[in-house]
Amino acid sequence: MSDVEMVLPYGNDEEKGSQVRRMFDKIARHYDRMNRIMSIGFDKSWRHRGIALLKPYEPKNILDIASGTGDLAIMMQKKLKPDQVTGADLSEEMMAIGRHKAGRAGVADHVTFEYQDCMSLTYPDNSFDAVTAAFGVRNFENLERGLAEMYRVLKPGGHVMILELSTPKWFPMNMFYRIYSSIGIPVLGKLISLDKQAYQYLPASIKAMPQGNEMTALLTKQGFKETSFRTYTGGVCSVYYGVKN
């Protein structure tokens, strides 16, 4: 078990998956605004860069894990023009917002949302040309099992792309980040979403998440080949990439 699996939103005996679902149901109405504020708007550019890694392969059927309110799913539909993007998530409140956003964006025929437990997806083996996740794998109840499910439902030759927040390694960004994550994020979370615990969980889960070579090693362990990563914005965000043979 990795350290991130032991970081819980509410710190009780309830399973992590149940706590994560309850947390996101509670903060769903404020989630998009908090993302923009906390990332100072960089989250959009991080998604653009992750999507650019998939563009040469023209995936036609994409599964977006932990899709939440659908920002990545909708952006992929606009940028990659696949036949279908399926957003999978535990939180019905988040997906309800995602469906509304997809309708407003005019892509509801090609972007759908389904309740799925990422630990046990209902899709058959070898179903998708690409599997993606943006800022969600640290919420997995069991990280390796979740990555194994992503591998299972991906077609041979398909690509995985994971965006995840990360901890900067170098001064002065690491110093600024420590101050911002320990003080700024919880205060903003309490003021905007009225759930300080959720935004105390966020920096704690980022800190505990396997990063860099440790994360690519986990992808390799699940069977992915050509694994690699790169960082953005001084190390605040990382993108991980791999191919199923």
Side-chain angles (χ1 to χ4, degrees), residues 1-28 30-31 34-35 37-39 43 46 65-69 72 88-91 93-94 116-120 132-150 162-169 173-219 221-222 229 231-233 235-240:
M1 178 177 287
S2 67
D3 291 342
V4 74
E5 293 160 3
M6 295 182 282
V7 178
L8 305 175
Y10 300 114
N12 56 35
D13 293 333
E14 188 181 10
E15 290 183 348
K16 181 171 182 176
S18 297
Q19 292 191 40
V20 166
R21 179 172 61 249
R22 180 156 55 91
M23 178 187 73
F24 282 113
D25 280 344
K26 186 174 181 181
I27 67 174
H30 309 284
Y31 181 78
M34 280 298 300
N35 268 0
I37 293 171
M38 288 191 306
S39 70
D43 61 307
W46 298 334
I65 293 285
S67 192
T69 62
L72 181 63
D89 203 277
L90 286 171
S91 171
E93 296 293 330
M94 296 280 279
Q116 289 283 333
D117 182 350
C118 299
M119 300 298 96
S120 183
T132 64
F135 318 119
V137 297
R138 69 179 182 281
N139 300 316
F140 285 179
E141 191 167 295
N142 183 303
L143 179 57
E144 290 195 35
R145 191 190 313 164
L147 296 177
E149 279 292 273
M150 294 171 79
I162 298 170
L163 285 163
E164 192 51 84
L165 298 172
S166 49
T167 305
K169 303 298 183 185
M173 181 62 81
N174 56 359
M175 180 187 69
F176 293 141
Y177 176 80
R178 281 199 301 270
I179 296 170
Y180 179 58
S181 63
S182 62
I183 300 173
I185 290 176
V187 169
L188 285 170
K190 183 178 181 180
L191 290 173
I192 296 174
S193 75
L194 305 181
D195 191 339
K196 185 178 179 180
Q197 284 176 288
Y199 289 95
Q200 289 174 327
Y201 163 77
L202 174 62
S205 64
I206 297 168
K207 183 178 179 181
M209 180 70 190
Q211 298 178 19
N213 289 326
E214 187 179 0
M215 182 63 176
T216 57
L218 286 178
L219 290 170
K221 184 177 179 181
Q222 301 310 319
F229 78 96
T231 61
Y232 304 132
T233 319
V236 174
C237 178
S238 297
V239 62
Y240 302 94

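- Annotation: the span from Tyr177 atom OH to Lys169 atom NZ amounts to 10.0 Å, rounded to 0.5 Å.
- To the nearest 0.5 Å, the span separating CG on Asp13 from OG on Ser18 amounts to 12.0 Å.
- Side chains of Phe135 and Leu72 form no contact here, defined as non-hydrogen atoms less than 4.5 Å apart.
- Between the CG atom in Asp25 and the CZ atom in Arg21 there is a gap of 7.5 Å [rounded to 0.5 Å].
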Fill in: Full working for side-chain contact (heavy atoms from CB on, under 4.5 Å) between Val137 and Tyr240
CA-CA 11 Å; Val137 297; Tyr240 302 94; over 6 Å; no

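- Of the possible polar contacts, none joining the Glu93 side chain to the Lys26 backbone as a donor-acceptor pair under 3.5 Å is found.
- Residues Tyr180 and Ile37 share a closest heavy-atom pair of OH-O, 3.8 Å.
- For the pair Glu141 (side chain) and Glu15 (backbone), a donor-acceptor distance under 3.5 Å is absent.
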Practice prompt. Show your working on side-chain contact (heavy atoms from CB on, under 4.5 Å) between Gln222 and Met150 and close with a plain yes or no.
Written response: CA-CA 9 Å; Gln222 301 310 319; Met150 294 171 79; over 6 Å; no

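- Looking only at distances, a side-chain donor or acceptor of Ser91 sits under 3.5 Å from a matching main-chain atom of Met94.
- In this structure, Ile162 and Leu147 have side chains that are in contact, with non-hydrogen atoms separated by less than 4.5 Å.
- For the pair Ser166 (side chain) and Gly235 (backbone), a donor-acceptor distance under 3.5 Å is present.
- Residue Thr69 holds its OG1 atom at 6.0 Å from OH of Tyr31, rounded to the nearest 0.5 Å.
- The shortest distance between side-chain heavy atoms of Gln197 and Met23 does not fall below 4.5 Å.
- When side chains are defined from C-beta on, Ile27 does not count as touching Met34, because their heavy atoms never get closer than 4.5 Å.
- The main-chain N or O of Lys16 is never found under 3.5 Å from a side-chain atom of Tyr10 such that the two would form a donor-acceptor pair.
- Considering every non-hydrogen atom in both Ser205 and Val4, the closest pair reads O-CG2, 3.5 Å.
- Contact annotation: the side chain of Asp89 never approaches that of Phe24 to less than 4.5 Å [non-hydrogen atoms, C-beta and beyond].
- Residues Ala66 and Cys118 approach most closely at N-SG, 4.2 Å, considering heavy atoms.
- Listed here is the closest heavy atom pair of Gly146 and Met119: CA-CE, 3.6 Å.
- The heavy-atom pair separating Tyr232 from Val239 by the smallest distance is OH-CG1, 3.2 Å.
- Between Leu90 and Asp117, some side-chain heavy-atom pair lies under the 4.5 Å cut-off.
- Considering every non-hydrogen atom in both Asn174 and Pro168, the closest pair reads CB-O, 3.3 Å.
- Proximity of a side-chain donor or acceptor of Gln211 to a complementary backbone N or O of Ile206 within less than 3.5 Å is detected.
- Here CD of Glu5 is found 6.0 Å from CG of Leu143. Values are rounded to the nearest 0.5 Å.
- Distance alone, capped at 3.5 Å, places no donor-acceptor pair between the Tyr201 side chain and the Gly11 backbone.
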Practice prompt. Check the pair Leu165, Arg138 against side-chain contact (heavy atoms from CB on, under 4.5 Å), reporting the backbone distance first and the verdict last.
Written response: CA-CA 9 Å; Leu165 298 172; Arg138 69 179 182 281; 4.2 Å; yes

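- No donor-acceptor pair closer than 3.5 Å links the side chain of Glu144 to the backbone N or O of Leu218.
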